[in-house]
Amino acid sequence: MPNLQVMRHDIQGQTPCLTLYEHLSALQPPGSEPVCNRSPRIAMRATATYPQVDTPVVSSIALAFDYNPPSMSNRKIVTRFAPSPTGHLHVGGARTALFNWAFARKHGGTFILRIEDTDRARSTAQSTRAIIDDLRWLGLDWDEGPDEKADDPYDPQSQIGEHGPYFQSQRLDLYKEHAQRLMQAGRAYKCFKTPDELKAQRDNAKAEKRPYKYDRTESINLPQPTIDKYVEEGRPHVVRFRMPDHDITVHDLVLGDVTVKASELEDFIILKSDGYPTFHLANVVDDALMQVTHVLRAQEHLMNTPKHVALQEALGFESPKYAHMPLIFNADGSKMSKRDKAKTARAAAKEWMKQNNDNIDRLYHEIKEECAGYLDSIGLTKETLQDFLDKKTDDVLYPQAIARFLHIPLPEIDVNDFRLSGYLPEALLNYLALLGWSPGNDVERFDLDFLKENFDLKRIGKSNARFDRDKLLAFNTEAIAKLSSDEFHQQLIRHDGYSRSCTFQIGLGNRFRPFAACYRERSRTLDEPFANGQFFVTDDTKIEYDPKAIDKALLKNDDQGLAVLNDLQPPLESIPTDKWTASELEKTIKDYAQQKNLGMGKVAQPLRVAVSGSTVSPPIFDTLVILGKGSTLARIGRCLQLNTPQQQTEAS
RNA sequence: GACCCCGUCGUCUAGUCAGGUCUAGGACACCAGGUUUUCAUCCUGGUAACACGGGUUCGAAUCCCGUCGGGGUCACCA
């Protein structure tokens with residue numbers, strides 16, 4: 001048997017990251033009953049009966065028995081996306097997920113979806129569902145994690161993969177056991193300071209302009225009997241990790257080595273007073289137990305990484321490789337935040353108030369009228385509306401109600417916002433991939449398959465990127481142009497259902513297909529046909545006329561447009577309903593234009609305004625066909641009636 | 001403020017690691033022109049950048065130092 005000391009020495013530099021299951025099964029003679037099943041939690045319990053056996057020793061024994069530990073370098077690549085379920089998937093999160101997915105796929109590895117729901121106050125099951133849906137809409141899939149098809153993704157039985165459960169709220173024992181391990185080794189300790197106490201210390205330090213750092217002396221010098229007494233009394237406390245005294249270097253695959261001095265690092269909390277782990281502990285424990293080899297995350301996590309590396313050292317885990325990606329900002333350089341929506345809505349509402357004598361009653365009632373039934377479901381009352389305007393709340397649903405009433409667009413922040421605005425997942429993904437990454441060689445348009453083949457960590461950039469909606473729109477325009485007319489039709493049906501409760505399918509019936517057809521070549525988003533083609537489903541008697549359009553197309557040059565409409569009525573009337581086709585209309589209208597020596601513009605525009613209320617619509621013949629003979633003539637008639645000057649009407 | 005990261009057209013970026021082929025390439029936006037019944041497309045052309053200052057070198061966008069600028073972090077959030 002090889003010398004154990006030597007073996008320990010050998011593994012010092014590379015600390016094999018084995019799950020305890022592997023340690024223990026390695027010790028089993030072949031063919032014997034396994035000491036534990038695949039669950040790391042049970043493996044932990046198995047070792048607990050041998051408290052003197054810590055991880056490195058087990059590794060050494062494993063080595064001594066000719067067990068070949070899988071070293072990080074030749075192990076299968078494992079990445080994960082670990083969102084916290086506090087809302088829809090943010091575009092930044094989407095890019096993180098995309099890169100982790102692409103890296104795993106490129107190397108034939110495993111991609112894990114793990115839900116980090118250790119924030120009890122903010123995590124919701126609804127958000128988990130939303131994030132799963134957002135990821136699936138983007139076309140990203142995962143090898144381990146919650147099952148998207150399960151009725152209850154939280155059900156441990158339904159989760160996919162052998163390192164589950166994949167909800168941190170279901171792994172609490174595991175974190176406690178590791179925290180316990182650290183405490184036994186003197187690497188963690190209980191701290192009874194209250195949040196208020198600490199906040200006061202921080203505030204003091206700030207007021208005196210001196211840097212604040214948590215001071216461990218008091219806590220670590222607490223005599224054991226006192227600690228026991230406090231615990232018995234049920235005093236709330238947290239568990240802190242004792243930072244090592246040496247500097248920590250993070251070997252980042254994008255940024256290179258980043259060293260943080262020991263003096264800059266403080267003892268951070270690993271177990272909150274409610275017994276839940278903090279992000280740091282849970283993240284590190286899960287990455288190790290799930291055998292994650294590469295962590296691709298946003299640069300905002302860079303300063304967390306030394307903490308994680310220190311934890312990994314103390315726990316005997318090999319650090320995964322880290323790659324920190326540049327951040328994504330708004331076009332103006334501000335941080336892209338969910339609050340941007342609240343900000344926009346608030347500004348618009350305040351502007352409205354200014355023009356309406358600061359009358360909040362009226363604002364509330366008008367919103368209520370516009371969004372009937374919707375308000376109750378989101379709990380908007382006059383009081384909460386006031387709170388919202390006073391920035392006391394940033395509730396994500398209020399801005400939507402306000403925006404709907406004021407007809408203002410809200411900035412898209414979440415993946416779902418882009419979905420509602422009519423972006424195609426392939427366009428969003430393509431654009432997102434270019435934020436902080438580039439395949440080189442002037443290649444810019446590509447899909448998931450391309451990424452699967454070509455994604456390369458080396459090509460991740462270092463500097464922050466601004467989100468350019470114009471460019472995204474251009475990508476989306478191209479993506480839509482690529483769709484066949486049938487695909488476009490199907491997509492529109494889906495979008496009408498997703499964003500408008502099928503308003504257009506109900507309103508148009510079998511005219512939905514020609515409606516889709518005429519918008520296919522003039523849409524940059526899936527939403528434009530509905531936003532611009534509202535008049536198709538508006539009642540004939542409720543078309544609103546844009547005054548500028550009336551002036552320009554109907555009244556200019558001595559009511560030339562009105563005359564055209566008048567002239568056109570009889571010939572249109574004479575087209576039989578069953579011959580109301582584009583070619584027939586074209587013939588009739590062009591004949592008229594030729595006869596009067598008018599350009600098509602002079603004839604089409606008055607018609608367009610009469611039937612749609614504005615100067616913009618799909619090609620006029622298509623428009624008239626979709627509307628049908630009845631609607632067309634009814635609208636022309638009503639338009640003439642409304643816009644013919646008074647005297648003229650009286651004179652005739 | 002302290003610590004850390006970053007700095008090529010307005011924006012995203014190629015080029016930087018292995019200095020010359022870079023009078024710096026592409027995309028989006030913008031401007032001009034063309035196509036078109038409106039709109040949206042589409043086509044052609046154009047404007048536009050190595051943050052600044054030192055150094056190393058025959059030669060610097062590329063290597064080194066400094067300055068300035070931008071950003072991140074500093075929670076019982078993740």
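As the structure is a computational prediction, the values presented were derived from the model and not from experiment. Convention: sequence-line order gives letters A, B, ...; per-chain numbering from 1.
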Query raised in the report: Quick one: which of B/A40, B/C12, B/C28 gets closest to the side chain of A/Glu444?
Result: B/C12
Query raised in the report: If you measure from the C1' atom in B/C52 to the same atom in B/U47, how many Å do you get, rounded?
Result: 25 Å
**Report entry** Per-nucleotide protein contact string for nucleotides 70-78 of chain B, where B marks a base within reach and S marks sugar-phosphate only (heavy atoms under 4.0 Å, - for neither)
**Finding:** -SBS-SBBB
Report task. Report the residue (A/Asn441 or A/Leu472) whose heavy-atom-nearest nucleotide on RNA chain B is the more 5′ of the two. Result -> A/Asn441
Query raised in the report: Nearest of B/G7, B/C28, B/C12 to any side-chain atom of A/Glu478?
Result: B/C28
Query raised in the report: Roughly how far apart, to the nearest Å, are B/U67 and B/C31 at atom C1'?
Result: 37 Å
Query raised in the report: Where does the angle between the aromatic ring planes of A/Phe192 and A/His237 fall among parallel (under 30°), tilted (30 to 60°) and perpendicular (over 60°)?
Result: tilted
**Report entry** N-O pairing of A/Arg459 and A/Asp456 below 4.0 Å
**Finding:** no
**Report entry** Listed nucleotide nearest any side-chain atom of A/Pro619, set B/U38, B/C28, B/C6
**Finding:** B/U38
**Report entry** Nucleotide opposite B/C68 in a Watson-Crick or G-U pair, distances under 3.5 Å
**Finding:** B/G7
**Report entry** A/Arg240 to A/Tyr214 six-membered ring, cation-pi geometry met (6.0 Å, 45°)
**Finding:** yes
Query raised in the report: Over how many whole Å does the gap from A/Lys462 atom NZ to B/C6 atom P extend?
Result: 5 Å
Query raised in the report: Is there side-chain contact between A/Lys190 and A/Val231, with at least one heavy-atom pair below 4.5 Å?
Result: yes
Report summary line: Between CG of A/Asp470 and P of B/C28 the distance, given in whole Å, is 11 Å
**Report entry** With A/Arg129 via salt bridge (charged side-chain N to carboxylate O under 4.0 Å, His left out) - residues at least two apart
**Finding:** A/Asp133
Report task. When you get a sec, tell me which of B/C12, B/C39, B/U41 is the closest nucleotide to the side chain of A/Ala465? Result -> B/C12
Query raised in the report: CG of A/Leu265 versus C1' of B/C4: gap in Å, rounded?
Result: 11 Å
Requested in this report: Check whether any side-chain nitrogen or oxygen of A/Arg524 sits under 4.0 Å from OP1 or OP2 of B/U41, and answer yes or no.
Outcome: yes
**Report entry** Rounded distance in Å between the P positions of B/C30 and B/C76
**Finding:** 47 Å
Query - Atom-to-atom span, CZ of A/Arg445 to C1' of B/C12 - whole angstrom - result: 11 Å
Requested in this report: Classify the side-chain pair A/Asp332/A/Ser334 by whether it contains a donor and acceptor separated by less than 3.5 Å.
Outcome: yes
Query raised in the report: Is it true that atom CG of A/Asn597 has more than 12 heavy atoms of other residues, nucleotides or ligands lying nearer than 6.0 Å?
Result: no
